[in-house]
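These notes are about the structure you will find just below.
Being a predicted model, the structure only gives us computed values, none of them experimental. Within every chain, numbering begins at 1; the chains are lettered A, B, ... in the order of the sequence lines, protein sequences first and strands thereafter. In what follows, every heavy atom counts, from backbone to side chain, and hydrogens, waters and symmetry copies are set aside.
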Number of protein chains: 2
Amino acid sequence: MSKLNLHHIGQLSPEMALLGQLYGAPAHGYDLHRKVVVDLGQVWHLSQSQAYSILKRLAFQGEILMEEITQEKLPPRQLLYITPAGRQHFLEWLETPSGGSTRAIRMEFVTRLYFIKQYFPEKLLPLFDLQRTETFHHIQRLEKACAELPAEQVYNRMSLGLRVEQLRTTLAWLDKCLESVGS
Amino acid sequence: MSKLNLHHIGQLSPEMALLGQLYGAPAHGYDLHRKVVVDLGQVWHLSQSQAYSILKRLAFQGEILMEEITQEKLPPRQLLYITPAGRQHFLEWLETPSGGSTRAIRMEFVTRLYFIKQYFPEKLLPLFDLQRTETFHHIQRLEKACAELPAEQVYNRMSLGLRVEQLRTTLAWLDKCLESVGS
DNA sequence: TCTGATATACTCACTCGGTAAGTACTACTT
DNA sequence: AAGTAGTACTTACCGAGTGAGTATATCAGA
């Protein structure tokens, strides 16, 4: 049985969308959430409490630092900084291929694109190249799986068939993106 | 903000894939899981324990009945029957449109198709018609959302753009499916 | 005949993401 | 003076999914 199970989808998380914002400048959890909602709201659907819980995890993993700013009579606010470990993690993630599934591309790839355009515009072309070959290979893998399917498995074949078509569409879409983001 | 959040994806559950098998004949949990893995393994990735937990929920909701067959010296086995309530729920679900997202189509729609072909082959055409109009409307909704997006939201536009393309691909795929399943 | 792999059938403990709702204070408005 | 919107963060809870465990049957090969 393939390792691609429903749970894997959940691993697509807006974690890096938050961490990446801190790569630019320190901020409050509140601001990070706002920024992600505005800039990438159609990419990640991120509730406020979810954002805070992710940030807490990042802090626990040592990727961000929470500086507690106590104010008299006001509840303490937290200013968040990215740590060197966080920086490294973010940069590594930026270089990581976004995997084959359409969802991953719509979410992870677009997010990478968003940050690379901001921080490392010279790396735009390599990013697209990588994604193109990745996607292409994934198409081939799925086609192989489809070919190996016993003839009677009509519905499994349909499902795989759709995924292949989707990926082809994605390839074409990638080219359009490159244009619209300007090489 | 749209109600389509990550959690919603989880609501796509192989529940009906299991219940629908019982519509045909009573069986053991074990058999149901086997059948789903073989026939729809590329559609749902269903672990055994997950299957049992879904079945337990269905029993709790009164949609299936568990008849405990105690055997001397052997651990009790459970034969599962669908109840009238379960029958009704399944039939209602069969008529429900599969929603707009590509995932939903690949999973829910294909599953409906699988059962309708088995139990009500005369309803194949209406099923496809419904899905086509559903998908079409969803495309229009997304295009509207895209048009209303402020000009500067490049990445949100990309994301929506891809979803639209995917849905167009899906429309074409639907026609191919109808052919391959035989009208 | 003993052994060990494989299939059948089911259970349990745990993790983790996600949500809804609440808290508490500020700042603008009417 | 009161209402409402914005800022910033916390908490309790739910349910899906995983992985590992239990117990028995069966059958092939040494």
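- Taking atom CD1 of B/I54 as the reference point, atom P of D/dG15 lies 14 Å away to the nearest angstrom.
- Side chain of B/R157 to main chain of B/L149: a donor-acceptor pair is present (N/O by atom type, distance under 3.5 Å, no hydrogens or angles).
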Report all interatomic pairs (protein N or O, nucleotide N or O of nucleotides 9-11 of chain C) with separations under 3.5 Å.
from, atom 1, to, atom 2, distance (Å)
C/dA9, OP1, B/R77, NH1, 3.2
C/dA9, OP1, B/R77, NH2, 2.3
C/dA9, OP2, B/D31, OD1, 3.3
C/dC10, OP1, B/Q78, N, 2.5
C/dC10, OP1, B/Q78, O, 3.2
C/dC10, OP2, B/G29, N, 3.3
C/dC10, OP2, B/Y30, N, 3.4
C/dC10, OP2, B/Y52, OH, 3.1
C/dC10, N4, B/Q48, OE1, 2.4

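- The interatomic distance linking A/L55 (CG) with C/dC16 (C1') rounds to 17 Å, in whole Å.
- By the 4.0 Å N-to-carboxylate-O rule, A/K176 lies close enough to B/E165 to be salt-bridged with it.
- Atom CD in A/Q61 sits about 13 Å away from atom C1' in C/dC16, given to the nearest Å.
- Using a 4.5 Å heavy-atom threshold, the side chains of A/Q78 and A/E67 count as separate.
- Between the CD atom of A/E67 and the C1' atom of D/dA8 there is a distance of 16 Å, given to the nearest Å.
- One atom, CH2 of A/W44, and another, C1' of C/dT19, lie 18 Å apart when rounded to the nearest Å.
- The shortest side-chain heavy-atom distance between A/K144 and A/R141 does not fall under the 4.5 Å cut-off.
- We find that CG of B/L18 is positioned 14 Å from C1' of D/dG17, with the value rounded to whole Å.
- The side chain of B/R34 places no N or O atom within less than 4.0 Å of a non-bridging phosphate oxygen (OP1 or OP2) of C/dA7.
- Relative orientation of the A/F109 and A/W173 rings is perpendicular, given thresholds of 30° and 60° on the angle between their planes.
- The NZ-P distance, from B/K35 to C/dA7, rounds to 19 Å in whole Å.
- Residues B/T83 and B/Q88 fail the side-chain proximity criterion, which asks for heavy atoms closer than 4.5 Å.
- Residue A/Q50 places none of its side-chain N or O atoms closer than 4.0 Å to OP1 or OP2 of C/dG17.
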